[in-house]
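Labels below follow one simple rule: chain letters A, B, ... track the order of the sequence lines, proteins then strands, and each chain is numbered from 1.
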Number of protein chains: 2
Amino acid sequence: MKVEVLTNKEKRDVQQSIIAKLRDLIEYKNLEPGDKLPSERMLSEKFGVSRSNIREAIQKLEFYGILYSKPQSGTFIADIGRVAMSGMMEDILGLEEPDFKALVETRILLELKTVRLAALRRTAADLKTLQSALDAYKKKVLNKEDAVEEDLLFHLAIAKASKNSSMNTFMLIITPEIITNFEKYHVCDSNQSFIGIKEHEDIFQAIKDQDPKRAKEMMKVHFKVLYQYCYHTDN
Amino acid sequence: MKVEVLTNKEKRDVQQSIIAKLRDLIEYKNLEPGDKLPSERMLSEKFGVSRSNIREAIQKLEFYGILYSKPQSGTFIADIGRVAMSGMMEDILGLEEPDFKALVETRILLELKTVRLAALRRTAADLKTLQSALDAYKKKVLNKEDAVEEDLLFHLAIAKASKNSSMNTFMLIITPEIITNFEKYHVCDSNQSFIGIKEHEDIFQAIKDQDPKRAKEMMKVHFKVLYQYCYHTDN
DNA sequence: CAAACCAATCTGGTTAACCAATTTGGCCGA
DNA sequence: TCGGCCAAATTGGTTAACCAGATTGGTTTG
């Protein structure tokens, strides 16, 4: 069989088309939650794509909780209902890559919450982690070195201390993009960093004091620049 | 070679151990951002696991933006800095499955934001989608049928109308879990649904009127029950 | 001496073959 | 006729072989 090498873009298109075909198949065959999908081999033949592609598409839908695979048995439709499944598939197909603005918007939203929760739920161990993350950040800034990573690690430590696994995961997902874009757009000017130390210390102190309100307020101050960047158009 | 079938749990452990080994390798070899990792074959041999496992672990780290693969070339360390990478890997290894409370907490946070953004940014097309989602929900409730799916689809439509791709994605990720847990814990009593119609209509109207403040308020009312479920201990 | 080129090698991606657990359908016995 | 049971077919997962593009190091050529 002729083998072709696909670009990332093309590969994404293939996967999207497989998901669309799966949606149509489920519609056409009137498959309901709990029903078994045709085998991977059959699907790969029917759709004219490789089994790897089928497996990747299934994995993606598994990630979104729409399907689940049982070894040596088959792939099944999750128990979330036909309507929800169909609608979610549509949404997944329509998802676009998040732009920087969306990322910042989401980050601010998440962090204003995680910092409150961290203030409420932080343990002694969390404090220790936060302290060392803060120290690493301060050390870099005082040496006039770039401290974007240490900055973000401090914020990730806050997310971890919030004891909310979803928010922690979401923070982990958006952080690399944020770092990349920060460096690209030079959002963090180096002269800002000295102010950053004070702001980070304030946040840390509020968490230490278990004062959620002040923690959120300090985080808001810390995000002031980002806030403006993100919200100068609307809101 | 002896082939063994692993449970989901064991498979997860294998992947975690591979990630840990990768972290150690990067540490040991002093690999920096942009450097190339050893080839998948070499890693599979060195770690004593199958190439599939290596590939899956790499895909996971690619998802979190820590690595990236170039076809016919190699896998590279993303340009996010050594410190950030090491810290993030640690966090990924420490991630646990989100509990229901965390999910609800996150959902409320996200939705109070998406509904505001939807009110600000919704297009005519969004309104149309929202309207039909609302109609489907109403129809089900009036027929005294279970309407959890239609409920969630309305909320997903709001997320879509918020024009924030990150939040939209995150809503899609947590929605199936929410549905499953709702059904398990019977959070939505059927007698609540009639009130739900009014609440949904209020939210829709606020979005239609482009009144973000009222939209958020109506959503808050709608979440009152959930709110109590989630926050009866703290906050 | 440097730049262009070429072939051997290496790489991630793809395909095909294989494995063992699970279904399944019909057979046997009660 | 019904229920237990076993072998064959089916399945997702795994391994191995293969592909074509990218890399690279040495050679050639201007």
Side-chain angles (χ1 to χ4, degrees), chain A residues 1-19 21-22 25-26 29 31 34-78, chain B residues 1-19 21-22 25-26 29 31 34-78:
Chain A
M1 185 186 289
K2 177 72 182 303
V3 175
E4 274 192 61
V5 173
L6 305 176
T7 69
N8 286 356
K9 184 70 181 171
E10 288 168 329
K11 186 164 178 178
R12 192 172 174 281
D13 290 344
V14 169
Q15 200 177 91
Q16 295 282 86
S17 83
I18 291 176
I19 292 176
K21 280 173 184 161
L22 277 176
L25 178 78
I26 290 169
K29 292 252 184 177
L31 296 181
D35 284 358
K36 191 164 79 171
L37 251 57
S39 71
E40 296 180 352
R41 291 162 182 76
M42 211 170 297
L43 289 173
S44 88
E45 193 178 355
K46 191 190 272 269
F47 294 168
V49 297
S50 76
R51 190 151 89 100
S52 314
N53 293 138
I54 297 282
R55 282 178 64 79
E56 281 174 40
I58 288 177
Q59 276 174 29
K60 182 163 186 177
L61 293 177
E62 256 187 297
F63 171 75
Y64 282 106
I66 292 180
L67 302 177
Y68 63 93
S69 291
K70 275 207 290 188
Q72 282 82 37
S73 176
T75 301
F76 301 83
I77 299 179
Chain B
M1 185 184 290
K2 178 71 183 305
V3 175
E4 275 193 58
V5 173
L6 305 177
T7 70
N8 287 355
K9 184 71 180 171
E10 288 168 330
K11 186 164 177 177
R12 191 171 173 280
D13 290 344
V14 169
Q15 200 178 90
Q16 295 282 86
S17 82
I18 292 176
I19 292 176
K21 280 173 183 160
L22 278 175
L25 179 77
I26 290 169
K29 292 253 184 181
L31 297 182
D35 284 357
K36 191 163 79 172
L37 250 57
S39 71
E40 296 179 354
R41 289 162 183 77
M42 212 169 297
L43 288 173
S44 86
E45 192 178 355
K46 190 189 273 267
F47 293 168
V49 297
S50 75
R51 191 151 89 100
S52 314
N53 293 138
I54 297 283
R55 282 178 63 79
E56 281 174 38
I58 288 176
Q59 276 173 28
K60 182 163 186 179
L61 293 176
E62 257 187 295
F63 171 75
Y64 282 106
I66 291 179
L67 302 177
Y68 63 92
S69 293
K70 275 206 290 187
Q72 280 87 35
S73 176
T75 302
F76 301 83
I77 299 179

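The side chain of Q72(B) has dA20(D) as its nearest neighbour among dT23(D), dA20(D), dC18(D). The side chain of E40(A) approaches dG13(D) more closely than any other nucleotide in the set dT14(D), dG13(D), dG12(C). Nearest nucleotide to the side chain of S69(B), out of dG13(D), dG12(C), dT11(D): dG12(C). Side-chain proximity of E56(A) to dT14(C), dT15(C), dT15(D): nearest is dT14(C). Residue S73(B) has its side chain nearest to dA22(D) when only dA22(D), dT11(D), dG13(C) are considered. The side chain of R55(A) approaches dT14(D) more closely than any other nucleotide in the set dT14(D), dA20(C), dG12(C).
We find that CD1 of I18(A) is positioned 10 Å from P of dT14(C), with the value rounded to whole Å. dG13(D) atom C1' lies 19 Å from atom CZ of R12(B), rounded to whole Å. Note: CZ (R41(B)) to C1' (dT14(C)) measures 11 Å, nearest angstrom. Separating the CZ atom of F76(A) from the C1' atom of dT10(D) is a distance of 12 Å, rounded to the nearest angstrom. When the P atom of dG12(C) is taken as reference, atom CD1 of I54(B) falls 11 Å away, rounded to whole Å. Residue L37(B) contributes atom CG, which lies 13 Å from atom C1' of dG12(C) at whole-angstrom precision. Atom pair E45(B):CD and dC10(C):P shows a separation of 13 Å (rounding to whole Å applied). dT14(C) atom C1' lies 15 Å from atom CD of Q15(A), rounded to whole Å.
Not counting sequence neighbours, the partners of E56(A) by the salt bridge (Lys or Arg N to Asp or Glu O under 4.0 Å) test are K11(A). Residues passing the side chain to side chain donor-acceptor pair (under 3.5 Å) test with S50(A) are N53(A), sequence neighbours excluded.
Of the residues in residues 57-65 of chain A, not one places a heavy atom less than 4.0 Å from an atom of DNA chain C.
Distances shorter than 4.0 Å separate some side-chain N or O of K11(B) from OP1 or OP2 on dT14(D). Between S39(B) and dT11(C) there is a side-chain N or O to OP1 or OP2 distance below 4.0 Å. A close approach under 4.0 Å does occur between a side-chain nitrogen or oxygen of S50(B) and OP1 or OP2 of dT15(D). Neither OP1 nor OP2 of dT11(C) sits under 4.0 Å from any side-chain N or O of T75(B).
By the 30° and 60° cut-offs, the orientation of the rings of Y68(B) relative to F76(B) is parallel.
Proximity of L61(B) to T75(B): side-chain heavy atoms (C-beta onward) are nowhere separated by under 4.5 Å.
For K70(A) and V49(A), each mapped to the nucleotide of DNA chain C holding its nearest heavy atom, the one lying further toward the 5' end belongs to V49(A).
Exactly one residue among L25(B), V49(B), I18(B) makes a side-chain contact (heavy atoms from CB on, under 4.5 Å) with L43(B). That residue is L25(B).
With rounding to the nearest 0.5 Å, the separation of CZ in F63(B) from CD in Q59(B) is 12.0 Å.
The number of heavy-atom neighbours closer than 6.0 Å to CD of E62(A), taken from other residues, nucleotides and ligands shown, is above 12.
Scanning all heavy atoms of the two residues, the minimum distance from I58(A) to S69(A) falls at CG2-OG, 3.9 Å.
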